[in-house]
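For reference, the structure is listed below as structure tokens.
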Amino acid sequence: MSVKTRFAPSPTGYLHVGGARTALFNYLFAKKYGGSFVLRIEDTDPERSKPEYSEQILISMKWLSLDWDEGPYYQSQRMELYKKFAEKLLEEGKAYRCFCTPEELEQMREEQRAKGLPTRYDGRCSRLSPEEVKRRVEAGMPYAIRLKVPQDRGVIAWKDLVKGPIEIDSKELDDFVLVRSDGTPTYNYAVVIDDYDMGITHVLRGEDHIPNTPKQILIYEALGWKAPAFGHMPMILGKDKTKLSKRHGAVGVEAYRDEGFLPEAMFNFLALLGASFDPNRDVYTKQELIELFDENKIGLHPAVFDPDKLYHINREHMKMLSTSELLERIKPFAEAKGYKVEPFHEQLIPLLVERMHTLKDFVELADYIFTDDYTVDQKAQEILEKNFPVEGLADMLAAAPWDAEHIEAALREYAAQKELKPREYFPYIRAVVTGKSVGPSLFHLLEAMPKDMVLRRLKR
RNA sequence: GGCCCCGUCGUAUAGUGGUUAGUAUACCGGGCUCUCAACCCGGAGGUGCGGGUUCGAUUCCCGCCGGGGCUACCA
């Protein structure tokens with residue numbers, strides 16, 4: 001049987017990095033073993049699911065090049081399927097109707113808590129007589145459908161793809177809800193129906209799903225189906241080692257896109273978060289990650305999201321792109337500031353890529369090539385106050401061939417004539433021409449800039 | 001509270017019943033230079049604690065502590 005994995009986000013917000021990593025590992029797993037990858041939107045919670053979120057998730061998936069082979073499927077469009085199997089379970093006595101109201105359930109839990117007991121459904125509705133059930137149904141009382149957990153089921157165990165053997169006593173489980181009183185399926189129920197129906201063979205997800213796994217196994221058993229293999233990956237934590245959330249800053253994938261991170265860098269970074277495929281390197285292409293992927297090398301403990309590492313990987317990926325490709329990627333960020341990208345800008349790329357952390361940085365580090373209205377940094381401001389002479393410099397440069405070698409010669413000669421120390425004078429020229437106190441080698445920088453732009457600024 | 005998962009430099013990780021416990025990043029210092037970055041050289045920094053098992057434990061076992069997760073008619 002060929003491998004089939006899936007990513008099943010619920011559209012209750014943007015695609016966050018944790019979800020993206022889950023999607024990514026499922027993608028890698030499928031590709032590694034020549035299988036396929038399914039995308040399924042779990043929108044069974046009418047309260048929280050929003051169509052625009054689904055759209056945003058799809059956009060982020062595409063941005064990361066997590067291309068799915070099937071889907072997206074929407075659970076909201078598969079209600080008949082869930083209904084069908086719920087009926088079956090009901091008929092076979094493996095599930096039952098529960099007429100308890102939320103208030104009643106809350107009160108029950110309240111009492112259990114008061115006694116220091118675990119809060120579990122006590123199965124009261126499973127003891128209703130068939131006549132009573134019939135009476136209530138006919139009276140139009142709303143009901144949920146609960147799975148009847150077999151009393152003698154004992155220990156539920158599975159060999160986790162990443163954690164190894166895990167077992168949980170079925171006594172820990174109560175008769176949980178499969179179908180809500182409004183007829184919609186709950187997560188655990190819909191997942192099983194869909195995973196089975198879609199032929200999913202391997203389920204990789206966050207370890208927050210470990211407690212759900214025995215429940216799902218029980219549903220598979222009640223339906224007489226073979227369960228897929230499960231693998232649970234450690235969580236991603238914030239700097240303070242608590243679960244990554246808004247408090248830690250950006251958690252939505254699209255925020256990283258907007259900050260100027262390369263999708264291939266994000267892909268790379270996410271794959272390394274909590275896994276190590278080759279201890280001697282940390283920069284990989286997507287293809288390399290597919291080849292090196294090994295579910296046994298996924299770590300066991302939660303990993304802290306470290307922006308420093310992301311910056312580093314982003315920088316490495318930027319260096320891997322051609323100058324024209326990099327400029328192309330920078331374009332949207334320049335345009336967002338109202339700047340127009342021009343062909344000559346490509347020559348600045350090799351000079352600036354070393355000091356860029358993100359695509360956005362290019363626009364900020366080199367705003368002077370886009371506009372005469374560039375920013376002047378604090379130190380440059382001070383340097384400018386020295387008011388070194390520039391008269392005649394423009395003419396000297398105008399006469400020189402426009403390459404670094406001749407520019408340097410001209411500048412050195414001018415400095416010598418005026419008895420200025422290159423150490424002080426060159427930074428001054430940089431400040432005059434770019435408004436910056438730092439940047440690439442001055443002569444190479446000037447060479448890469450249009451001659452008329454440089455001369456114009458020297459004459460100001 | 002109950003159940004489950006986990007614990008190697010700040011972070012991500014490699015590794016082994018005996019190692020100077022490795023690498024990357026971040027940090028500090030030096031070199032290079034017109035500055036910053038890159039690059040090169042150097043530095044600091046880790047096996048959570050306590051018991052066992054053993055000639056010897058970071059590694060194996062137990063306990064503790066610590067972190068995380070779940071405990072819904074959310075997913």
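Here the structure is a predicted model, which means the values were calculated and not measured. Order of the sequence lines sets the chain letters (A, B, ...), proteins ahead of strands, with each chain counted from 1.
- The neighbour count for A:Tyr311 OH, taken as heavy atoms of other residues, nucleotides or ligands under 6.0 Å away, does not exceed 12.
- Stem list for RNA chain B (at least 3 consecutive Watson-Crick or G-U pairs, distances under 3.5 Å): B:1-7 with B:65-71, B:10-13 with B:22-25, B:27-31 with B:39-43, B:48-52 with B:60-64.
- A distance-only check finds no donor-acceptor pair linking the side chain of A:Tyr121 to the backbone of A:Phe176 [under 3.5 Å].
- Remark: A:Arg120 is not in phosphate contact with B:rU71, judged by side-chain N or O atoms under 4.0 Å from OP1 or OP2.
- Side-chain contact, A:Tyr96 with A:Asp175: a donor N or O sits under 3.5 Å from an acceptor N or O.
- The side chain of A:Thr186 places no N or O atom within less than 4.0 Å of a non-bridging phosphate oxygen (OP1 or OP2) of B:rA75.
- Note: A:Phe333 and A:Phe261 fail the aromatic proximity criterion, with ring centroids not under 6.0 Å apart.
- Counting non-hydrogen atoms under 4.0 angstrom, A:Lys163 reaches the backbone sugars and phosphates but no base.
- In this structure, A:Arg113 reaches neither bases nor backbone, as no heavy-atom distance under 4.0 Å exists between it and the strands shown.
- Heavy atoms of A:Asp182 sit nowhere under 4.0 angstrom from any nucleic acid atom.
- Among the heavy atoms of the strands, none lies under 4.0 Å from A:Arg205.
- Among the protein residues, A:Thr12 comes within range of no part of the nucleic acid, since none of its heavy atoms lies under 4.0 Å from any strand.
- Within 4.0 Å (heavy atoms only), A:Arg430 reaches at least one base atom of the nucleic acid.
- The existence of a salt bridge linking A:Arg109 and A:Glu106 is confirmed by a sub-4.0 Å separation between a basic side-chain nitrogen and an acidic carboxylate oxygen.
- Separating the CG atom of A:Asn212 from the P atom of B:rC4 is a distance of 16 Å, rounded to the nearest angstrom.
- In summary, the aromatic rings of A:Phe443 and A:Phe426 are positioned with their centroids under 6.0 Å apart.
- Between A:His312 and B:rU25, a side-chain N or O to OP1/OP2 separation shorter than 4.0 Å is present.
- Residue-level contact check: A:Leu105 touches the bases, meaning some heavy atom is under 4.0 Å from a base atom.
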